[in-house]
Participant: 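Take this structure first; my questions come after.
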Amino acid sequence: MSVRRPYSPRCYTGIFMNRVRFAPSPTGFLHIGSARTFIFNWLYARHTGGSMILRIDDTDLERNTEASLNSIFEGLRWLDLGWDEQYRQSDRLALHRQIAQAIFVKGLAYRDFTPAQADQGERRAGDTWLFNPGMREMVREESDRRAASGDRFALRYRVPREPARQICFTDAVYGAQAKSTADIEDFALLRSDGMPTYHLASCADDADLRISHIVRGQDHLTNTFKHCLIFEATGVAMPQFAHLPLLVAPDGTKLSKRRHGPVVSVTTYRDAGFLPQAFVNFLCLLGWSPKNDREQMTRQELVEAFSLEGINRSNTIVNFKEDDPFDPKAVWLNAETIRTMPVEQLAELLLPFVAAAGFHADRARMVQITPLIQERMKLLRDVATVADFFFVEELAPYDPAELIPQKGDAAMARAALEKARQSLAATEFTHDTLEAALRRASEELKIKAGQMFQPIRVAVCGRKNAPPLFGTLEALGKERCLHRIEKAIQKL
RNA sequence: GGCGCUAUCGUCUAACGGUUAGGACGGAGCCCUCUCAAGGCUCAAAUACGGGUUCGAUUCCCGUUAGCGCUACCA
């Protein structure tokens, strides 16, 4: 968990410094949509030299879980972006109640003693509900008397009616927005258990933390009118809003764990061997573009290129399938990142995946193997399927027919392997000498080089498709290669 | 139902009213090549529909359709 840091000196330089926040509620694992929201906030903060604030919005006591909180921190830590300040809403309840009270005292909110509706299924969607009759108009004396007598109530915002008026704001992404108060219901500020609702807590904290830009999912676009009313009632300046298009599944429905499974969880990508840098790059491209056809970008390039103007307005499909849970673009970006990574660094990252697959390799060994598999991996976990034969003593059983070369037969395979055994036994195991020796051997046998190499490849790797032969032989070492060739000859 | 938002290749997207509608991923093919990759080249693939405005609409306006979001003490 990140330590709460004091304001950096730069923050003292002025009240005009941008302040953005990411405010997840700990009611589930870190969702990729949330991760994208975090990233966009972070990029905006870094691009403008502002501050990034993490605020845990945990006012829903019923649904909060410790596991979920851990998952959020785990996911954010993996993204490796960091933040400047950290808060927890549940530490700030006094502030929320104080703001609610202030709104109530101004007459802009009222007590609603109607019991909470448990039977929402009964309600027909046809009705437009605005407020509970009798509650909005209740005289203050009666309201006070019932409250004093212990009747439970929710505190509701008294949305202006008769005359209704337009609530307006300008969204940095969606442009000018307006909605009549005639279409806004008297939303709750405090629940009957005294806990603040999301709307109240969020606005109170945004105001108190002097958030300058609220960058969040488009599902909040219509909620923003309510938030405008709260900011107005509180008498603070409104922040700027920027709503992000939603991430949806290939069928167009909202991403959800229940329907779409682990593909919506950030840790799934981490565990499969995505690199945070590639994953962040991928998420940035969902609903934002630098408008210059750039796609592969470093973190620094993203910070420099990011702008709210580059954000799109339509929902974005995360293109996963039942049998292939990862968006091909994400996989490609990851593979590109793997390919351009320094060998030592990649080798280091691969070690835990090797261990997770039940193999053993030390750092030096991994550094030796990595160049051979680097451009053959899309995800770090692929090391288990691409390099398995480097890690085992005895190869898993394979079909001896694989040993037979193109346009050849078992006799040719046998001749090639026997020649190889003899030749390799007398050869120094370095790439160039191996190549020279085996090419010479194929010439002596009067067969094509490819017909010579395939039986050897299958003999030492246990399959036809494998890394380049000479480097592989070198990495495997003479003893092991000769042993495997011997076993292959026996199979024929 | 009400209110709001959105609509360019399969997907992510570009195109301050004038382009053969561009790029990327994925797909197909060819080249390279010891297999597989990687790399190079090529191809297929889009402005939801209908009206306007305009000399000219992907672009501006209206409508239709579709999708998404919000909608009584979830966030």
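Letters go in sequence order (proteins before strands), and every chain restarts at 1.
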Participant: Tell me: CZ of A:F241 to P of B:rC5, nearest whole Å?
Facilitator: 16 Å
Participant: Using both distances under 3.5 Å as the test, list the Watson-Crick or G-U wobble partner of B:rA15, or none.
Facilitator: none
Participant: Can a donor-acceptor pair be found between the side chains of A:H96 and A:D205 at a distance below 3.5 Å?
Facilitator: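 Side-chain D/A pair, A:H96 to A:D205: present.
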Participant: Write out all pairs satisfying ring pair (Phe, Tyr, Trp, His ring centres under 6.0 Å) with one or both partners inside residues 441-462 of chain A, taking only residues at least two apart or from two chains.
Facilitator: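 Sorted pair list: A:F453-A:F470.
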Participant: Grab the CG-P distance between A:D171 and B:rG4 for me, whole Å please.
Facilitator: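 Computing the A:D171:CG to B:rG4:P distance gives 16 Å.
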Participant: Determine which pairs satisfy side chain to side chain donor-acceptor pair (under 3.5 Å) with at least one residue from residues 161-170 of chain A, sequence neighbours left out, and list them in order.
Facilitator: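 Side chain to side chain donor-acceptor pair (under 3.5 Å) check on residues 161-170 of chain A returns A:R161-A:D186, A:R165-A:E232.
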Participant: Could you give the CD-to-P distance, from A:Q89 to B:rC74, as a whole number of Å?
Facilitator: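 These atoms are roughly 15 Å apart.
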Participant: Find the distance A:F326:CZ to B:rC25:C1' and express it as a whole number of Å.
Facilitator: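 Atom CZ in A:F326 sits about 17 Å away from atom C1' in B:rC25.
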Participant: Extract all donor-acceptor atom pairs below 3.5 Å that involve side chains of residues 445-452 of chain A and protein atoms in other chains or at least two apart in sequence.
Facilitator:
| from | atom 1 | to | atom 2 | distance (Å) |
| --- | --- | --- | --- | --- |
| A:Q451 | OE1 | A:K448 | N | 3.0 |
| A:Q451 | NE2 | A:Q406 | O | 2.8 |
| A:Q451 | NE2 | A:K407 | O | 3.4 |

Participant: Under a 3.5 Å cut-off for both distances, is B:rC5 Watson-Crick or wobble paired, and to whom?
Facilitator: B:rG67
Participant: Tell me the partner of B:rG39, counting only Watson-Crick (N1-N3 plus N6-O4 or O6-N4) or G-U wobble (N1-O2 and O6-N3) with both under 3.5 Å; none if nothing fits.
Facilitator: B:rC31
Participant: Between the protein and nucleotides 61-65 of chain B, list the N/O to N/O atom pairs that are separated by less than 3.5 angstrom.
Facilitator:
none

Participant: Specify the separation, in whole Å, of atom NZ of A:K179 and atom P of B:rG2.
Facilitator: 13 Å
Participant: Please write out the pairs of protein N or O atoms and N or O atoms of nucleotides 7-11 of chain B separated by less than 3.5 Å, giving the distance to one decimal.
Facilitator:
| from | atom 1 | to | atom 2 | distance (Å) |
| --- | --- | --- | --- | --- |
| B:rU11 | O4' | A:N319 | ND2 | 3.4 |

Participant: Atom pairs under 3.5 Å, N or O on each side, protein against nucleotides 34-44 of chain B: can you list them with distances?
Facilitator:
| from | atom 1 | to | atom 2 | distance (Å) |
| --- | --- | --- | --- | --- |
| B:rC34 | OP1 | A:R439 | NH2 | 3.1 |
| B:rC34 | O2 | A:R457 | NH2 | 2.2 |
| B:rC34 | N3 | A:L469 | N | 3.4 |
| B:rU35 | O2' | A:N465 | OD1 | 2.9 |
| B:rU35 | O2 | A:K464 | O | 3.0 |
| B:rU35 | O2 | A:A466 | N | 2.9 |
| B:rU35 | O2 | A:A466 | O | 3.0 |
| B:rU35 | N3 | A:A466 | O | 2.6 |
| B:rU35 | O4 | A:P468 | N | 3.1 |
| B:rC36 | O4' | A:N465 | OD1 | 3.4 |
| B:rC36 | O2 | A:R376 | NH1 | 2.7 |
| B:rC36 | O2 | A:A466 | O | 3.4 |
| B:rC36 | N3 | A:R376 | NH1 | 2.4 |
| B:rA37 | O2' | A:E375 | O | 2.2 |
| B:rA37 | N1 | A:E375 | OE2 | 3.1 |
| B:rA37 | N3 | A:E375 | OE2 | 2.6 |
| B:rG39 | OP1 | A:E336 | OE2 | 3.4 |

Participant: Holding to ring-ring contact (aromatic ring centres under 6.0 Å, His included), I want the full list of residues that pass it with A:H220, two or more places apart in sequence or in another chain.
Facilitator: A:Y198
Participant: Applying salt bridge (Lys or Arg N to Asp or Glu O under 4.0 Å), name anything that partners A:E402, two or more places apart in sequence or on another chain.
Facilitator: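 A:E402: salt bridge (Lys or Arg N to Asp or Glu O under 4.0 Å) contacts with A:K464.
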Participant: Strictly below 4.0 Å: does A:N312 bring a side-chain N or O up to OP1 or OP2 of B:rU13?
Facilitator: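 Yes, A:N312 has a side-chain N/O under 4.0 Å of OP1/OP2 on B:rU13.
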Participant: Using the P atom in both, what is the distance from B:rU54 to B:rC43, to the nearest Å?
Facilitator: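 It comes out at 40 Å once rounded to the nearest Å.
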Participant: Rounded to whole angstroms, how far apart are NZ on A:K226 and C1' on B:rG4?
Facilitator: 12 Å
Participant: If I pick the C1' atom on B:rC49 and the same atom on B:rU6, what distance separates them, to the nearest angstrom?
Facilitator: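 To the nearest whole Å, 16 Å.
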Participant: Rounded to the Å, how far apart are A:E185 CD and B:rG4 P?
Facilitator: 14 Å
Participant: Between the side chains of A:E443 and A:R440, is the shortest nitrogen-to-carboxylate-oxygen separation below 4.0 Å, so that they form an ion pair?
Facilitator: no
Participant: Please identify each residue that fulfils salt bridge (Lys or Arg N to Asp or Glu O under 4.0 Å) with A:R36, with sequence neighbours left out.
Facilitator: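 Not a single residue meets the salt bridge (Lys or Arg N to Asp or Glu O under 4.0 Å) criterion with A:R36.
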Participant: Which pairs count as salt bridge (Lys or Arg N to Asp or Glu O under 4.0 Å) when at least one residue sits in residues 306-319 of chain A, sequence neighbours excluded?
Facilitator: none
Participant: Does A:S289 have a side-chain nitrogen or oxygen under 4.0 Å from the phosphate oxygens OP1 or OP2 of B:rA14?
Facilitator: yes
Participant: Restricting to salt bridge (Lys or Arg N to Asp or Glu O under 4.0 Å), what partner residues turn up for A:D151, sequence neighbours left out?
Facilitator: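 Applying salt bridge (Lys or Arg N to Asp or Glu O under 4.0 Å) to A:D151 gives A:R146.
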Participant: Are any of the side-chain nitrogens in A:E185 or A:K226 under 4.0 Å away from the carboxylate oxygens of its partner?
Facilitator: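 Yes, charged N to carboxylate O under 4.0 Å.
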Participant: Under a 3.5 Å cut-off for both distances, is B:rU54 Watson-Crick or wobble paired, and to whom?
Facilitator: none
Participant: Could you state the CG-P distance from A:D60 to B:rC74, rounded to the nearest angstrom?
Facilitator: 7 Å
Participant: If you measure from the C1' atom in B:rA46 to the same atom in B:rU19, how many Å do you get, rounded?
Facilitator: 15 Å
Participant: Give every residue pair that meets the salt bridge (Lys or Arg N to Asp or Glu O under 4.0 Å) criterion with at least one member in residues 59-70 of chain A, sequence neighbours excluded.
Facilitator: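 Passing the test, one end in residues 59-70 of chain A: A:D60-A:R63.
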